[in-house]
J.: 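Sharing a structure, written as structure tokens. Questions coming.
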Amino acid sequence: NYLKSLCKVPASKKALILFPFAGGGAEAYASFSKVFSRENSKVALYFVEYLHSRKDIELAAKEISELSKEKEIYFYSHCAGAAIAMEILNIIEDKTLCCIKHFVAGGFLPPRKASKNNIWNITPDFILKKILINAGAELKTQSNHYEKNILKKFRKDTDFMTEYFYKRATPINAKTSVIISKTDIFTQNYASAEMLWKTLANNFDKLHYIDTKSHYFQ
């Protein structure tokens, strides 16, 4: 199964599916899930791991389309997770498998000009670690083993994101909203947010600014 249940609500008519940031997993949504479930007790909550192959993306899209027969589906992605969410949307919309009610993208802006090379693969570990810590990642107190695994996963996840936006990105039709911070080092070109998103979201709805210093505001 590609859909991991974070909050089961058997009788629910709505479901929110979460997609991770690069290097992140379901644990990154622990606080969010707790608050969301308390305030939206009738909405089921699911999580999709970062996927790295077209086959897995297609299978996840099929699984989501099956869930849509029972529930109204909403997406939330954070940072690089937008690539997975959007490719699933491309497949769903191309094959008219189902309709996603609303896609919310957090902490991410599409590239102004897509590159075929992932810059993080040529960024030394100590520099990448410093960037992530400055963005709000809690790496200072972690073991060297944990740190190396996170950096390795970050690069693998952003490899998928880089390839998606360079080779396969197609405008999505789902209603799309975006949440970013003006102080996030990964969205410094926030003034161009709406323009950049409208190149890939045909039904762009709203741009929200969140007041936080951390990139990891999910």
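All values below come from the heavy atoms of this structure, side chains included, with hydrogens, waters and symmetry mates left out.
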J.: With distance as the sole criterion, is a donor-acceptor pair present between the side chains of Ser177 and His102 under 3.5 Å?
T.: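 Distance-only check passes for Ser177 and His102.
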J.: Flag yes if more than 12 heavy atoms outside Lys153 fall under 6.0 Å of its NZ atom; otherwise flag no.
T.: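 Result for NZ/Lys153: enclosed.
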J.: So for atom CD, which belongs to Glu39, do other residues, nucleotides or ligands contribute more than 12 heavy atoms lying within a distance under 6.0 Å?
T.: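 Correct, the count exceeds 12.
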J.: Identify, with sequence neighbours excluded, every residue that meets ring-ring contact (aromatic ring centres under 6.0 Å, His included) alongside Trp120.
T.: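 Only Phe154 meet the ring-ring contact (aromatic ring centres under 6.0 Å, His included) criterion with Trp120.
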J.: I'd like to check Leu45 versus Leu18 (side-chain heavy atoms, cut-off strictly below 4.5 Å). Are they in contact?
T.: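 When only atoms from C-beta onward are counted, Leu18 and Leu45 do touch, with a gap below 4.5 Å.
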J.: Provide the full list of salt bridge (Lys or Arg N to Asp or Glu O under 4.0 Å) pairs with a residue in residues 161-170, sequence neighbours left out, each pair given once.
T.: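 As it turns out, the salt bridge (Lys or Arg N to Asp or Glu O under 4.0 Å) pairs with a partner in residues 161-170, which skip direct neighbours, are Glu87-Arg168, Glu163-Lys167, Glu163-Arg168.
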J.: Are there over 12 heavy-atom neighbours, none belonging to Tyr166, within less than 6.0 Å of that residue's OH?
T.: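 Not buried by this count: 12 neighbours or fewer within 6.0 Å.
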J.: Give me the atom names and distance for the closest heavy-atom approach of Tyr50 to Phe21.
T.: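 Answer, listing the atom of Tyr50 first, then Phe21: CD1-O, 4.3 Å.
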J.: Quick one: list whatever passes ring-ring contact (aromatic ring centres under 6.0 Å, His included) with Tyr76, sequence neighbours left out.
T.: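 ring-ring contact (aromatic ring centres under 6.0 Å, His included) check on Tyr76 returns nothing, list empty.
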J.: Can you check side-chain hydrogen bond (donor to acceptor under 3.5 Å, both in side chains) on Gln218 and Tyr216, steps first, answer last?
T.: CA-CA 6 Å; Gln218 77 290 341; Tyr216 303 97; over 6 Å; no
J.: Locate the shortest heavy-atom distance separating Ile179 from Phe217; write the atom from each residue and the value.
T.: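 Taking every non-hydrogen atom into account, O-CZ, 3.4 Å.
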J.: Pick out which of Ile150, Asn121, Thr162 makes a side-chain contact (heavy atoms from CB on, under 4.5 Å) with Arg155.
T.: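 The passing option is Asn121.
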J.: Less than 4.0 Å between a side-chain N and a carboxylate O, is that true for Arg54 and Glu58?
T.: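 A salt bridge is present here (some side-chain N lies under 4.0 Å from a carboxylate O).
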J.: Mark yes when over 12 heavy atoms from residues, nucleotides or ligands other than Ile119 sit less than 6.0 Å from its CD1; otherwise mark no.
T.: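 Counting other residues, nucleotides and ligands, CD1 of Ile119 stays at 12 neighbours or fewer.
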J.: If every non-hydrogen atom of Thr170 is compared with every non-hydrogen atom of Asn90, which pair is closest and at what distance?
T.: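 Heavy atoms of Thr170 and Asn90 come nearest at O-ND2, 2.8 Å.
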J.: Is there a side-chain contact between Trp197 and Leu109 (heavy atoms, below 4.5 Å)?
T.: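 A side-chain contact under 4.5 Å exists here.
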J.: May I ask you to decide if Ala83's main-chain N or O and Ser77's side chain share a donor-acceptor pair within less than 3.5 Å?
T.: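 No: the side chain of Ser77 does not pair with the backbone of Ala83.
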J.: Around Lys71, counting heavy atoms of other residues, nucleotides and ligands shown, do more than 12 lie under 6.0 Å from its NZ?
T.: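 Check passes, neighbour count above 12.
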J.: Going through the checks in order, is the side-chain hydrogen bond (donor to acceptor under 3.5 Å, both in side chains) test met by Thr212 and Ser214?
T.: CA-CA 6 Å; Thr212 176; Ser214 176; 5.1 Å; no
